[in-house]
Colleague: 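Below you'll find the structure I mean.
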Amino acid sequence: MSTLELVRGWLRDAHRIVALTGAGISAESGIPTFRGAGGLWREFRAEDLATPHAFARDPKLVWEWYDWRRGLVAAARPNAAHAALAARPDITLVTQNVDGLHTLAGSRGVLEVHGDLWTLRCVGCGAERSDRTVPLPELPPRCSVCGDLLRPGVVWFGESLPERTWSLASAAAEAADVFLVIGTSSLVHPAAGLAARAKAAANAKVVEVNLERSGAGADAFLEGRAGEVLPALLAGG
Ligand code: BV8
Ligand code: ZN
């Protein structure tokens, strides 16, 4: 029996399925991953720019990076992997991605544990708005309420994850029969720890879909592009 058939059997028998996705699921939509080829922006790494310190030091530079990413995402379309998950509303979807492509593909109630590229939040008064303007007319953008700086509504390194979203994601993982880890290097915590929590709390079967194994500690590894593997894996409900 192939690994695909084995895992399809696990999914058929499962009552609660959770999927955690990372940048790899959006790669086939043309969005560069963080740590793969083409993931760099100019000479910077995500860890250099996605931090409160970098924003405090040079908000314009950080915003140039986000404005560039917003432009890429605005031109991107969900791919077959996003569609395969959108066709399975029975699967609880947790994503580290901030691109919004799961929601655009039709998924509902997506747990965006690292926030959302399209939300702008004022560092002064906390006013938040969804803004899909690309490119933004002024960098860094200013709050229309108090004039202070707006920041991207994403979670930076050293920042805690949105409390309610994170507790929903953790509870889902700890009750999972099958935990799918899709297109992530499993390097960024605490999201990368969800698979281990699923296994420890619920003896979940962990299944990884990736081009190469990550540190997710999967019980089954389905090698390949998410846009090819997921439709085959999830078809038929
Ligand atoms: C926290 C949002 C504490 C922004 C992101 C030292 C100092 C400070 C902190 C730490 C430290 N050591 C550890 C930490 C914790 C830190 C961390 O984990 N650091 C890592 C680098 C070691 N974590 C944090 O800081 C987190 N917060 O811990 O808070 C705290 C607690 C209480 C109170 C206060 C504070 C916050 C982490 C969130 C950071 N924000 N993004 C933005 O996007 O701009 S992280 C960023 O990395 C993205 O969200 C991204 O999703 C995430 C993970 O990357 P991946 O998605 O996995 O992408 P990657 O490129 O790495 O991998 C792609 C994969 O896809 C590869 O495996 C590839 O093979 C595969 N692939 C490619 N193509 C395909 C494919 N697979 C399938 N099909 C394909 N076609
Ligand atoms: Zn404000």
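The first residue in the sequence is number 1, and the count goes up from there. Both counts, for ligands and for their atoms, begin at 1 and track the order of listing.
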Colleague: Using a 4.0 Å heavy-atom cut-off, which part of Ala27 comes near ligand 1: side chain, backbone, both, or neither?
Modeller: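 For Ala27, only side-chain atoms sit under 4.0 Å from ligand 1.
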Colleague: Any N or O of Leu161 that comes nearer than 3.5 Å to an N or O of ligand 1?
Modeller: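 No: no nitrogen or oxygen of Leu161 is under 3.5 Å from one in ligand 1.
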Colleague: Can you tell me which residue and heavy atom of the protein come closest to atom 4 (C) of ligand 1, and the distance to 0.1 Å?
Modeller: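 The closest heavy atom on the protein side is Val155 O, 3.5 Å.
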Colleague: Start with the C-alpha gap between Lys199 and Asp219, add the side-chain angles, then the distance that decides, and say whether salt bridge (charged side-chain N to carboxylate O under 4.0 Å, His left out) holds.
Modeller: CA-CA 10 Å; Lys199 195 176 279 197; Asp219 301 298; 3.3 Å; yes
Colleague: Measuring from atom OG1 of Thr95 to atom NE2 of His114, what distance do you get when rounded to the nearest 0.5 angstrom?
Modeller: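 Between Thr95 OG1 and His114 NE2, I get 9.0 Å after rounding to 0.5 Å.
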Colleague: Verify the distance criterion only: is there a donor paired with an acceptor across the side chains of Thr119 and Ser130 at less than 3.5 Å?
Modeller: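 Checked: Thr119/Ser130 side chains show no N/O donor-acceptor pair below 3.5 Å.
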Colleague: Does the side chain of His82 pick up a donor-acceptor pair with the side chain of Ser107 at under 3.5 Å?
Modeller: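 No pair is found: no donor N or O on one side chain lies under 3.5 Å from an acceptor on the other.
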Colleague: Protein heavy atom under 4.0 angstrom of atom 64 (C) of ligand 1, is there one?
Modeller: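 Yes, because at least one protein heavy atom sits under 4.0 Å from atom 64 (C) of ligand 1.
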Colleague: Return the residue, atom name and 0.1 Å-rounded distance of the protein heavy atom closest to atom 17 (C) of ligand 1.
Modeller: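 Scanning the protein heavy atoms, the shortest distance from atom 17 (C) of ligand 1 goes to His189 N, 3.9 Å.
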Colleague: A quick test of your reading: do over 12 heavy atoms of other residues, nucleotides or ligands sit less than 6.0 Å from CD of Glu5?
Modeller: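 For Glu5, atom CD is crowded (more than 12 foreign heavy atoms under 6.0 Å).
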Colleague: Checking the N or O distance criterion of under 3.5 Å, is ligand 1 in contact with Val188?
Modeller: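 Val188 vs ligand 1: no N/O contact under 3.5 Å.
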Colleague: Is atom 6 (C) of ligand 1 less than 4.0 angstrom from some protein heavy atom?
Modeller: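 Looking at atom 6 (C) of ligand 1, one finds that no protein heavy atom lies closer than 4.0 Å.
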Colleague: What is the distance from atom CG of Leu230 to atom CD1 of Ile25, rounded to the nearest 0.5 Å?
Modeller: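 One gets 5.5 Å once the value is rounded to the nearest 0.5 Å.
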Colleague: Under the 4.0 Å line, does any protein heavy atom show up next to atom 42 (C) of ligand 1?
Modeller: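 Yes, there is a protein heavy atom closer to it than 4.0 Å.
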Colleague: Hey, which atoms in ligand 1 end up nearer than 4.0 Å to a heavy atom of Gly183?
Modeller: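 Heavy-atom distances to Gly183 below 4.0 Å select 63 (C), 64 (C), 65 (O), 76 (N).
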Colleague: Between Leu93 and Leu111, is the side chain to side chain contact (heavy atoms under 4.5 Å, CB included) condition met? List the steps.
Modeller: CA-CA 6 Å; Leu93 184 48; Leu111 298 173; over 6 Å; no
Colleague: Is there a nitrogen or oxygen of Val209 sitting under 3.5 Å from a nitrogen or oxygen of ligand 1?
Modeller: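 Min N/O separation from ligand 1 is not below 3.5 Å for Val209.
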Colleague: I'd like to know if the side chain of Glu208 pairs up with that of Ser214 as donor and acceptor (distance under 3.5 Å, no hydrogens or angles considered).
Modeller: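 Looking only at side-chain atoms, Ser214 and Glu208 do form a donor-acceptor pair, the distance falling under 3.5 Å.
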Colleague: Return yes if some donor-acceptor pair links the side-chain N/O of Gln96 with the main-chain N/O of Val113 below 3.5 Å, else return no.
Modeller: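 Side chain of Gln96 to backbone of Val113, a donor-acceptor pair under 3.5 Å: no, none is there.
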Colleague: If you round to the nearest 0.5 Å, how far is CG of Asp99 from CG of Asp116?
Modeller: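 One finds 9.5 Å between CG of Asp116 and CG of Asp99.
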Colleague: Give me the residue, atom name and distance of the protein heavy atom closest to atom 38 (C) of ligand 1.
Modeller: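 The closest heavy atom on the protein side is His114 NE2, 3.5 Å.
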Colleague: Apply salt bridge (charged side-chain N to carboxylate O under 4.0 Å, His left out) to the pair Arg57 and Asp48, showing each step before the final yes or no.
Modeller: CA-CA 11 Å; Arg57 192 182 59 231; Asp48 301 330; over 6 Å; no
Colleague: Count the heavy atoms of every other residue, nucleotide or ligand shown that sit under 6.0 Å from CZ of Arg225, and state whether that count exceeds 12.
Modeller: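 Atom CZ in Arg225 is not crowded, with 12 or fewer foreign heavy atoms closer than 6.0 Å.
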Colleague: Tell me, please, whether Trp65 has Arg69 positioned over its six-membered ring: NZ or CZ under 6.0 Å from the ring centre and within 45 degrees of its axis?
Modeller: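 Cation-pi check for Arg69 and Trp65: passes.
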Colleague: By number and element, which atoms of ligand 1 are closer than 4.0 Å to a non-hydrogen atom of Leu211?
Modeller: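 Within the 4.0 Å cut-off of Leu211, ligand 1 contributes 72 (C), 73 (N), 74 (C), 75 (C), 76 (N).
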Colleague: State whether the number of non-hydrogen atoms from other residues, nucleotides or ligands found under 6.0 Å of His15 atom NE2 is greater than 12.
Modeller: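 No, the 6.0 Å shell around NE2 holds no more than 12 heavy atoms from other groups.
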Colleague: To check your reading of the model: name the closest protein heavy atom to atom 79 (C) of ligand 1, its residue, and the distance in Å.
Modeller: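 That would be Gly24 O, 3.3 Å.
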Colleague: How far is atom 80 (N) of ligand 1 from its nearest protein heavy atom, and which residue and atom is that?
Modeller: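 Result for atom 80 (N) of ligand 1: Glu28 OE2, 2.9 Å.
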Colleague: Is there any N or O on Glu159 that sits under 3.5 Å from an N or O of ligand 1?
Modeller: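 Such a contact does occur with ligand 1.
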Colleague: Under 4.0 angstrom from atom 33 (C) of ligand 1, is there any protein heavy atom?
Modeller: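 So far as the 4.0 Å threshold goes, atom 33 (C) of ligand 1 is in reach of a protein heavy atom.
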Colleague: Considering only heavy atoms of Phe157, which atoms of ligand 1 have at least one such atom less than 4.0 Å away?
Modeller: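 Here the atoms of ligand 1 in question are 16 (C), 19 (N), 21 (C), 25 (O), 39 (C), 45 (S).
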Colleague: Decide whether a cation-pi geometry holds between Arg151 and Trp156; the criteria are a distance under 6.0 Å from NZ or CZ to the six-membered ring centre and an angle within 45° of the ring axis.
Modeller: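 The answer is yes, since Arg151 meets both limits relative to Trp156.
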Colleague: Using a 4.0 Å heavy-atom cut-off, say whether Gln96 meets ligand 1 through its side chain, its backbone, both or neither.
Modeller: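 It is both backbone and side chain that touch ligand 1.
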Colleague: Return the closest protein heavy atom for atom 9 (C) of ligand 1 as residue, atom name and distance.
Modeller: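 Looking only at protein heavy atoms, the one closest to atom 9 (C) of ligand 1 is Gly158 N, 4.4 Å.
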Colleague: For Ser214 and ligand 1, answer yes if some heavy atom of the residue is under 4.0 Å from a ligand atom, otherwise no.
Modeller: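 In this structure, Ser214 fails to qualify as a contact of ligand 1 - no heavy atom is under 4.0 Å.
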Colleague: Would you say atom 14 (C) of ligand 1 has a protein heavy atom nearer than 4.0 Å?
Modeller: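 Given the 4.0 Å limit, the answer for atom 14 (C) of ligand 1 is no, no protein heavy atom qualifies.
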Colleague: By number and element, which atoms of ligand 1 are closer than 4.0 Å to a non-hydrogen atom of Gly22?
Modeller: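 What qualifies from ligand 1 is 56 (O).
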Colleague: Just which atoms of ligand 1 are under 4.0 Å from any heavy atom in Ser160?
Modeller: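 Answer for ligand 1: 32 (C), 33 (C), 34 (C), 35 (C).
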Colleague: Distance under 4.0 Å to a non-hydrogen atom of Glu47: what atoms of ligand 1 satisfy this?
Modeller: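 Taking each heavy atom of Glu47 in turn, ligand 1 has 21 (C) under 4.0 Å.
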Colleague: Quick test: of every protein heavy atom, which one is nearest to atom 69 (O) of ligand 1, and how far off is it to 0.1 Å?
Modeller: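 Atom 69 (O) of ligand 1 sits closest to the protein heavy atom Asn210 OD1, 2.7 Å.
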Colleague: If you take all heavy atoms of Trp63 and Leu139, which pair is closest and at what distance?
Modeller: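 Reported closest heavy-atom pair: CB-CD2, 4.0 Å.
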Colleague: Give me the residue, atom name and distance of the protein heavy atom closest to atom 56 (O) of ligand 1.
Modeller: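 Answer, as residue, atom name and distance: Ala23 N, 2.8 Å.
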Colleague: What angle sits at the Zn ion (ligand 2) between SG of Cys143 and SG of Cys122, to 10°?
Modeller: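 The angle at the Zn ion (ligand 2) comes to 110°, rounded to the nearest 10°.
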Colleague: Would you confirm whether Arg121, through its side chain, and Gly126, through its main-chain N or O, come within 3.5 Å as a donor-acceptor pair?
Modeller: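 Pair absent, no side-chain N/O of Arg121 close to backbone of Gly126.
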Colleague: For ligand 1, which atoms, with element, lie under 4.0 Å from some heavy atom of Leu187?
Modeller: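 Result: 18 (O), 20 (C), 22 (C).
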Colleague: Hey, which atoms in ligand 1 end up nearer than 4.0 Å to a heavy atom of Arg69?
Modeller: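 Close to Arg69: 42 (C), 43 (O), 44 (O).
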